[in-house]
Chemist: 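What follows is a single structure, and I will ask about it in a moment.
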Number of protein chains: 2
Amino acid sequence: MATRTDAPTRREQILKEAALLFAERGFHGVGVDEIGAAVGISGPGLYRHFAGKDAMLAELLVGISGRLLTGGKRRVAESDGGDPEVLLDSLIEGHIDFALDDRPLITLHDRELDRLRDSDRKLVRQLQRQYVELWVEILREVYPSLAEPAARSAVHSVFGLLNSTPHLGRPGSLPGRGATAELLHRMARGAFAAAAA
Amino acid sequence: MATRTDAPTRREQILKEAALLFAERGFHGVGVDEIGAAVGISGPGLYRHFAGKDAMLAELLVGISGRLLTGGKRRVAESDGGDPEVLLDSLIEGHIDFALDDRPLITLHDRELDRLRDSDRKLVRQLQRQYVELWVEILREVYPSLAEPAARSAVHSVFGLLNSTPHLGRPGSLPGRGATAELLHRMARGAFAAAAA
DNA sequence: CAGGGAGGTTAGCGGTCGTTAACCTGAAGG
DNA sequence: CCTTCAGGTTAACGACCGCTAACCTCCCTG
């Protein structure tokens, strides 16, 4: 079982480069020729791997929201019955890892959703909603005083806070990854606590 | 002196509709014909008011960052020498008002900046930076323990939190504007306090 | 009442872009 | 050794889009 040290497949290469380009210049701002050039093939060669430009964006966005949700569910399952406070910290930590390690995907995530076909957009929205509801549930266990609509707003706002990483200056101007992660974590907890006050 | 109850000028109409369309479908996703149609004229009629599509976006983005900065400076000036805590609350309140009342502009603000000509983008970035520095300064008066890089990160993150309003479900699903504003305000303060801890 | 400018109109040009068609090539497999 | 097929190539089409040109029509003003 080659547990994932394999060379990345062509599809994966393409998706990675497309994500970077889309994040930089927007979906409509990038041509298929540029995406091809980024992986060393040119233009229409991409159509051997994807049905079209839209399909790449769809796979990226579905992948992102899917991975977020799966990771969240896994953490919930692992903590089963444990301290909700610890679980909330675990969720926050997972989201921060994602926000710090996959910044272009974070950017795409809430920027290009409207460029999707109706069916894909509905799928992504549904995954996002499930992820939010997961957080809402845990949050209300930690802060039972928090009404559900307020909890949902609070979760969206904290996502806004955590997803601010692309605005935090390119890696290097930051105080280091660990310190940044810790700062974001503290702020998220502080924001939640204040929301429940 | 007609203090601003005047009918909106054509330019203003166009800018308003263009902002809505750009926020909905992205700069490249909107044609000039659609912008024209939105104000009752069609296509190239826009060129009587703007040098081009780019010019509309530029005016919108410069206007946004300019208004944010001006509003912030005004609040600082008004509080001159007063309690920094009160001033910080005032800045937060001002930003929330903007985020709640001009949601499409908030969306544009951090989504389409890269579509600008170099000179315009530099101008907008400079205005944004000044606005951030304004917050950083006040924040460090309130929390002297906070180092400058951390303060800057904290400010960007809180902007992410406050600018999450477009994700908060369309007006109506919200607990009411006042309650939302209050919630956001508490969370921002909580996040800052936690950052300084 | 001339005339001129502000603010429209439609037609159309030139460029870009996503996608398809037709063709090529090298390596694997019977 | 021949075949097949995955994965490329270039050429080109058709649609769209930003913008200009040329023209029209009020309305204001001297």
Side-chain angles (χ1 to χ4, degrees), chain A residues 2 6-62 108 111-121, chain B residues 2 6-62 108 111-121:
Chain A
D6 315 297
T9 127
R10 205 73 242 231
R11 278 180 67 87
E12 291 169 335
Q13 267 185 65
I14 295 172
L15 285 174
K16 189 179 128 200
E17 298 299 330
L20 284 171
L21 288 166
F22 289 159
E24 256 173 39
R25 306 214 294 281
F27 179 67
H28 291 294
V30 181
V32 290
D33 290 356
E34 306 179 65
I35 303 175
V39 296
I41 74 183
S42 230
L46 296 172
Y47 287 74
R48 297 286 165 197
H49 304 276
F50 294 93
K53 200 183 157 196
D54 303 2
M56 302 180 207
L57 182 64
E59 192 158 326
L60 281 171
L61 293 186
V62 172
L108 281 190
R111 194 172 288 199
E112 306 287 356
L113 181 57
D114 307 316
R115 269 48 123 196
L116 252 46
R117 283 174 35 226
D118 272 26
S119 64
D120 290 323
R121 192 174 51 244
Chain B
D6 316 295
T9 125
R10 204 83 234 235
R11 277 181 68 88
E12 290 169 337
Q13 266 184 67
I14 295 173
L15 284 175
K16 190 178 127 199
E17 299 298 331
L20 285 170
L21 288 167
F22 289 160
E24 257 173 40
R25 305 214 294 283
F27 179 67
H28 291 295
V30 181
V32 291
D33 290 357
E34 307 178 66
I35 303 175
V39 296
I41 75 183
S42 229
L46 296 172
Y47 287 75
R48 299 287 166 194
H49 304 277
F50 293 93
K53 201 185 158 195
D54 303 1
M56 300 181 208
L57 183 63
E59 192 157 326
L60 281 171
L61 293 186
V62 172
L108 281 189
R111 194 171 287 199
E112 307 287 355
L113 181 58
D114 306 316
R115 270 47 124 196
L116 252 48
R117 283 173 33 225
D118 272 25
S119 65
D120 290 323
R121 191 173 53 246

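Below, chains carry the letters A, B, ... as their sequence lines are ordered, and counting in each starts from 1.
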Chemist: How does protein contact run along nucleotides 24-29 of chain C, one letter per nucleotide 5' to 3', with B for base contact, S for sugar-phosphate only, - for none, heavy atoms under 4.0 Å?
Modeler: ------
Chemist: So, taking the atom named CD1 in A:I35 and the one named CG in A:L15, what distance separates them when rounded to the nearest 0.5 Å?
Modeler: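 One gets 9.5 Å once the value is rounded to the nearest 0.5 Å.
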Chemist: Minimum heavy-atom separation for B:A23 to B:L108, with atom names?
Modeler: N-CD2, 3.8 Å
Chemist: Listing time: all N or O pairs from protein to nucleotides 4-8 of chain D that are below 3.5 Å?
Modeler:
{"residue": "D:dG8", "atom": "OP1", "partner": "A:R10", "partner atom": "NH1", "Å": "2.4"}
{"residue": "D:dG8", "atom": "OP2", "partner": "A:H49", "partner atom": "NE2", "Å": "2.7"}
{"residue": "D:dG8", "atom": "N7", "partner": "A:R48", "partner atom": "NE", "Å": "2.9"}
{"residue": "D:dG8", "atom": "O6", "partner": "A:R48", "partner atom": "NH2", "Å": "2.2"}

Chemist: Between B:R11 and B:T9, what is the shortest heavy-atom contact and its length?
Modeler: N-OG1, 3.0 Å
Chemist: Judged by atom type as modelled, is there a donor-acceptor pair below 3.5 Å linking the side chain of B:E17 to the main-chain atoms of B:I14?
Modeler: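 No, because the side chain of B:E17 does not come within donor-acceptor range (under 3.5 Å) of the backbone of B:I14.
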Chemist: Please tabulate, for side-chain N and O atoms in residues 37-56 of chain A, each donor-acceptor pair with protein atoms closer than 3.5 Å (sequence neighbours left out).
Modeler:
{"residue": "A:K53", "atom": "NZ", "partner": "A:F27", "partner atom": "O", "Å": "2.9"}
{"residue": "A:K53", "atom": "NZ", "partner": "A:V30", "partner atom": "O", "Å": "2.9"}

Chemist: With B:R121, which residues qualify under side-chain contact (heavy atoms from CB on, under 4.5 Å), at least two apart?
Modeler: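 Residues passing side-chain contact (heavy atoms from CB on, under 4.5 Å) with B:R121: B:L113, B:D114, B:L116, B:D118, B:R125.
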Chemist: Does B:R115 have any salt bridge (charged side-chain N to carboxylate O under 4.0 Å, His left out) partners at least two apart in sequence or in another chain, and if so, which?
Modeler: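 Partners of B:R115 under the salt bridge (charged side-chain N to carboxylate O under 4.0 Å, His left out) test: B:E112.
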Chemist: Please report, rounded to the nearest Å, how far the C1' atom of D:dC17 is from the CD1 atom of B:I35.
Modeler: 12 Å
Chemist: Give, for atom CG of A:L57 and atom NE2 of A:H28, the distance between the pair rounded to the nearest 0.5 Å.
Modeler: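 It is 9.0 Å, given to the nearest 0.5 Å.
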Chemist: Please tabulate, one pair per line, each protein N/O and nucleotide N/O from nucleotides 16-21 of chain C that are separated by under 3.5 Å, including the distance.
Modeler:
{"residue": "C:dG18", "atom": "OP1", "partner": "A:V30", "partner atom": "O", "Å": "3.2"}
{"residue": "C:dG18", "atom": "OP1", "partner": "A:K53", "partner atom": "NZ", "Å": "2.5"}
{"residue": "C:dG18", "atom": "OP2", "partner": "A:V32", "partner atom": "N", "Å": "2.8"}
{"residue": "C:dT19", "atom": "OP2", "partner": "A:Y47", "partner atom": "OH", "Å": "2.4"}
{"residue": "C:dT19", "atom": "OP2", "partner": "A:K53", "partner atom": "N", "Å": "2.9"}
{"residue": "C:dT19", "atom": "O5'", "partner": "A:Y47", "partner atom": "OH", "Å": "3.1"}

Chemist: Rounding to an integer number of Å, can you tell me how far B:F22 CZ sits from D:dC17 C1'?
Modeler: 13 Å
